[in-house]
Amino acid sequence: VQLQASGGGLVQAGGSLRLSCAASGRTFSSYGMGWFRQAPGKEREFVAAISWSGSSTSYADSVKGRFTISRDNGKNTVYLQMNSLKVEDTAVYYCAASRGYSLHSIGYNYWGQGTQVTVSS
């Protein structure tokens with residue numbers, strides 16, 4: 001599975017962005033998907049995950065109520081809608097594919113290249 005993340009950019013605090021992650025391959029619908037982020041000088045952290053069917057989702061406490069993960073298996077794409085963005089959301093955001101369902105980076109088998117999100121005050 002190859003993953004291509006897009007949609008990052010510069011936004012003011014309080015604004016919104018939608019990230020997309022396009023996957024290659026016919027088996028996309030069998031993978032759990034996740035979003036992670038890494039800020040400068042910090043470790044990569046979990047943001048959100050969605051099961052292969054979309055019926056289960058999980059979020060980090062820091063983004064719960066502001067971010068929404070979704071997927072369209074017909075388009076081989078997973079999305080991360082980010083609302084009410086804060087300066088502390090600034091990071092490189094990565095999408096990843098898991099053969100199962102995981103909230104930890106070790107549970108993911110494939111990673112995209114990352115897209116930069118910068119939130120200004």
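No experiment lies behind these values; they were computed from the predicted model shown. Position 1 is the first residue of the sequence, and the numbers go up from there.
Partners of Arg66 under the side-chain hydrogen bond (donor to acceptor under 3.5 Å, both in side chains) rule, at least two apart in sequence or in another chain, are Asp89. Take Tyr110 and apply the side-chain hydrogen bond (donor to acceptor under 3.5 Å, both in side chains) test, not counting sequence neighbours, and it matches Arg99. With sequence neighbours excluded, no residue forms a ring-ring contact (aromatic ring centres under 6.0 Å, His included) with Tyr94. Residues passing the side-chain hydrogen bond (donor to acceptor under 3.5 Å, both in side chains) test with Asn73 are Arg71, sequence neighbours excluded. Scored by the salt bridge (charged side-chain N to carboxylate O under 4.0 Å, His left out) test, Lys64 finds Asp61 as partners (sequence neighbours excluded). By the side-chain contact (heavy atoms from CB on, under 4.5 Å) test, Ser6 pairs with Ser20, sequence neighbours left out. With sequence neighbours excluded, the residues forming a side-chain contact (heavy atoms from CB on, under 4.5 Å) with Ser51 are Ser53, Ser55, Ser56, Tyr101, listed by chain and number. In this structure, the side-chain hydrogen bond (donor to acceptor under 3.5 Å, both in side chains) partners of Tyr93, at least two apart in sequence or on a different chain, are Arg37. Under the rule for a ring-ring contact (aromatic ring centres under 6.0 Å, His included), Tyr79 has no partner lying at least two apart in sequence or in another chain.
Between Gln113 and Ala5, the closest heavy-atom pair is NE2-O, 2.9 Å. Between Ala49 and Tyr108 the shortest heavy-atom distance is CB-OH, 3.6 Å. Of all non-hydrogen atoms in Gly8 and Thr115, the two that sit nearest each other are N-OG1, 3.1 Å. Nearest heavy atoms, Ile50 versus Ser70: CD1-CA, 3.7 Å. Between Ser121 and Ala13, the shortest heavy-atom distance links the atoms CA-CB, 4.5 Å.
With hydrogens and angles disregarded, a donor-acceptor distance shorter than 3.5 Å links the side chain of Ser98 to the backbone of Gly107. Proximity of a side-chain donor or acceptor of Thr77 to a complementary backbone N or O of Lys75 within less than 3.5 Å is detected. Looking only at distances, no side-chain donor or acceptor of Gln4 sits under 3.5 Å from a matching main-chain atom of Ala23. A donor-acceptor pair under 3.5 Å is formed between the side chain of Thr90 and the backbone N or O of Val119.
Residue pairs meeting the disulfide bond (SG atoms under 2.5 Å apart) criterion with at least one partner in residues 9-108, sequence neighbours excluded, are Cys21-Cys95. Sorted pairs that involve residues 29-59 and meet disulfide bond (SG atoms under 2.5 Å apart), not counting sequence neighbours, are lacking altogether. Applying the disulfide bond (SG atoms under 2.5 Å apart) definition to pairs two or more places apart or across chains, none involves residues 51-93.
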request  = Carefully, step by step, assess Leu17 and Leu85 under the rule side chain to side chain contact (heavy atoms under 4.5 Å, CB included).
outcome  = CA-CA 8 Å; Leu17 280 175; Leu85 282 161; 4.2 Å; yes
request  = Decide side chain to side chain contact (heavy atoms under 4.5 Å, CB included) for Met33 and Leu3; before the verdict, give the C-alpha distance in whole Å, the side-chain angles of both, and the deciding distance to 0.1 Å.
outcome  = CA-CA 11 Å; Met33 299 296 296; Leu3 304 172; 4.0 Å; yes
ask   = Checking side chain to side chain contact (heavy atoms under 4.5 Å, CB included) for the pair Thr27/Val1: CA distance, chi angles, key distance, verdict?
value = CA-CA 8 Å; Thr27 59; Val1 176; 4.2 Å; yes
message = I'd like to know whether Leu19 forms a side chain to side chain contact (heavy atoms under 4.5 Å, CB included) with Met82, so could you lay out the CA-CA distance, the side-chain angles of the two residues, the decisive distance to 0.1 Å, and finally the verdict.
response = CA-CA 8 Å; Leu19 305 184; Met82 306 186 294; 3.7 Å; yes
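In the hydrophobic clustering of ILVMFWY residues, with side-chain heavy atoms under 4.5 Å counting as a link, Ile69 and Tyr31 come out together. Linking Ile, Leu, Val, Met, Phe, Trp and Tyr residues whenever their side-chain heavy atoms come within less than 4.5 Å places Val11 and Val63 in a single cluster.
For the atom pair CD1 of Ile106 and CG of Leu103, the computed distance is 13.5 Å after rounding to the nearest 0.5 Å. The distance from the CD atom of Glu45 to the NE2 atom of His104 is 13.0 Å, given to the nearest 0.5 Å. Annotation: the span from Asp72 atom CG to Ser29 atom OG amounts to 11.0 Å, rounded to 0.5 Å.
Residues Phe67 and Trp35 keep their aromatic ring centres 6.0 Å or farther apart. Between Tyr59 and Phe46, the ring center distance fails the sub-6.0 Å criterion.
Looking only at side-chain heavy atoms (C-beta outward), Trp111 and Phe36 come within less than 4.5 Å of each other.
When the shell of 6.0 Å around CD of Glu88 is examined, it contains more than 12 heavy atoms from other residues, nucleotides or ligands.
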